[in-house]
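Remarks on the structure that follows.
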Amino acid sequence: MSTTPTTPTSEPTTVTASGLSLRYGGTHALDGVSLRLARGVTGLLGPNGAGKTTLLRVLATAVPPDRGEFTVLGHDPATAAGRLSLRRGLGYLPQTPGFHPDFTAFEFVDYVAILKELTDRGARHQEVRRVLEAVDLSAVRGKRIKRLSGGMRQRVALAAALVGNPGFLVLDEPTVGLDPEQRMRFRELIAEAGEGRTVLLSTHQTEDVAMLCHRVVVLADGRVRFEGTPAELTARADGRVWSSTERDPEALAGWRTGTGTFRNIGDPPEGADLLEPTLEDGYLLALDGENRTVTA
């Protein structure tokens, strides 16, 4: 199936955040983050240390912010009742899922289902079988996790996040470490998961965003540098990417391509041979200091 995202119709906002700040010692992990999410897949891009995982943990109620507020699916985690309701509608796949290696795939997902308060054994096991089938793991559901490949383990973790059909799915670097074939299969699963629910996908892969996401947020130094569509992010690089026989020392970034020429990003010299920009070009410019307050 194709994983190219379609432009969603006007969807109601399902997640809102305003002024989220969180400090670890002297470091601002989040510094006044505000955003709005709707149904579909939103990509969260940013360099290491940008605050992506911290933001996901805050929205998943794993850690409270120092300042700011947010709601998920209409639930306010500032109250005990709101926090409980939010968690019941949440699916969370952390960057390093905590597997018990001697559990089978079925046993692990069943354990997560118990934690999600699915108390009726028959109904719970039916739900476990459903989510394992959704990620194409029915054939290995009795196999111990320690004997599964890395790609299969990620699918087990996604199945656990999908238990209970959550309305908000938080995925932290789910394709990291996967080979190209596994990454393509995982993109299919994420695209399917984004139909009818809100998915926030943290990734270092601009290709994941280009293939999957209706919206994209760029985070750096704990601040939102860009929020808009992938096309709008790409458009930021219009007229700012050019080819040359040598790397331009004035370029923000430049590298030798497979053809032997250099691809440069920044402010081109007069008469430069301009190139069609990519999402990655727009992303690099969004991280540029002079653009840090610009939002599409």
Side-chain angles (χ1 to χ4, degrees), residues 2-8 31 33 35-37 40-53 55 171-176 178 180 183-184 186-187 190-191 194 199-296:
S2 171
T3 56
T4 302
T6 57
T7 301
D31 189 7
V33 170
L35 52 79
R36 300 169 70 88
L37 306 179
V41 184
T42 296
L44 181 63
L45 284 172
N48 290 330
K52 301 190 303 298
T53 293
L55 177 60
L171 308 176
D172 194 357
E173 300 282 358
T175 62
V176 68
L178 302 185
R183 188 177 298 121
M184 180 165 46
F186 219 83
R187 284 176 184 155
I190 294 170
V199 178
L200 182 57
L201 166 69
S202 173
T203 179
H204 282 96
Q205 303 282 341
T206 55
E207 186 181 358
D208 285 347
V209 174
M211 294 283 286
L212 286 169
C213 298
H214 307 105
R215 302 281 293 177
V216 58
V217 175
V218 176
L219 199 67
D221 298 325
R223 298 179 181 179
V224 173
R225 300 288 184 88
F226 173 89
E227 183 178 2
T229 67
E232 289 167 340
L233 181 56
T234 301
R236 291 186 58 154
D238 283 343
R240 302 195 66 189
V241 185
W242 70 99
S243 177
S244 63
T245 56
E246 297 181 352
R247 187 192 187 285
D248 192 320
E250 300 299 320
L252 172 68
W255 58 91
R256 187 188 296 273
T257 68
T259 64
T261 61
F262 282 80
R263 184 181 183 89
N264 302 283
I265 302 172
D267 295 320
E270 186 175 352
D273 181 14
L274 296 179
L275 300 175
E276 190 74 19
T278 66
L279 182 71
E280 185 174 44
D281 298 329
Y283 166 60
L284 291 174
L285 287 170
L287 296 180
D288 184 19
E290 68 186 23
N291 293 318
R292 70 178 59 196
T293 60
V294 178
T295 300

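Just so we're clear, the structure is a prediction, and the values are computed from it rather than from any experiment.
- Note that the OG1 atom of Thr175 and the CD atom of Glu173 stand 7.0 Å from one another [nearest 0.5 Å].
- Within the 4.5 Å cutoff, the side chain of Glu207 has heavy atoms near those of the Arg187 side chain.
- A 4.5 Å side-chain heavy-atom check between Leu219 and Val224 finds at least one atom pair inside the cut-off.
- Here the OG1-CD distance, from Thr261 to Glu246, works out to 12.0 Å after rounding to the nearest 0.5 Å.
- The side-chain heavy atoms of His214 and Thr42, taken from C-beta on, include no pair separated by under 4.5 Å.
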- Run the side-chain contact (heavy atoms from CB on, under 4.5 Å) check on Asp31 and Asp221 step by step: do they pass? CA-CA 8 Å; Asp31 189 7; Asp221 298 325; over 6 Å; no
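- Panel note: side chain Lys52, backbone Pro47; a donor-acceptor pair is recorded below 3.5 Å.
- In terms of heavy atoms, Pro230 sits closest to Cys213 at CG-O, 3.3 Å.
- For Gly228 against Glu232, the heavy-atom pair with the smallest separation is CA-OE1, 3.3 Å.
- Panel note: side chain Arg183, backbone Leu178; a donor-acceptor pair is recorded below 3.5 Å.
- Judged by distance alone, the side chain of Asn264 and the main-chain N or O of Asp248 form a donor-acceptor pair under 3.5 Å.
- In this structure the side chain of Leu233 never reaches within 4.5 angstrom of the side chain of Val209, judged on heavy atoms.
- Looking at Leu274 and Trp242, their side chains come closer than 4.5 Å, going by heavy atoms from C-beta outward.
- Rounding to the nearest 0.5 Å gives a distance of 8.5 Å between OG1 of Thr257 and CZ of Arg263.
- How far CG of Asp288 is from CZ of Arg225: 8.5 Å, rounded to the nearest 0.5 Å.
- Leu45 has its side chain within reach of Thr203: a pair of non-hydrogen atoms, C-beta onward, lies under 4.5 Å apart.
- Note that CG of Leu35 and CG of Leu200 are 7.5 Å apart. Values are rounded to the nearest 0.5 Å.
- Annotation: the span from Leu279 atom CG to Gln205 atom CD amounts to 12.0 Å, rounded to 0.5 Å.
- Here the side chain of Arg256 pairs no donor or acceptor atom with the backbone of Phe262 at under 3.5 angstrom.
- Between Gly282 and Ala237 the shortest heavy-atom distance is N-CB, 3.9 Å.
- Considering every non-hydrogen atom in both Pro174 and Ser202, the closest pair reads CD-O, 3.7 Å.
- Of all heavy-atom pairs spanning Val241 and Asp281, the tightest one is CG2-OD2, 3.6 Å.
- For the residue pair Val199 and Gly194, the shortest heavy atom distance occurs at CG2-CA, 3.7 Å.
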- Steps toward side-chain contact (heavy atoms from CB on, under 4.5 Å) verdict (Asp267, Arg240): CA-CA 6 Å; Asp267 295 320; Arg240 302 195 66 189; 3.0 Å; yes
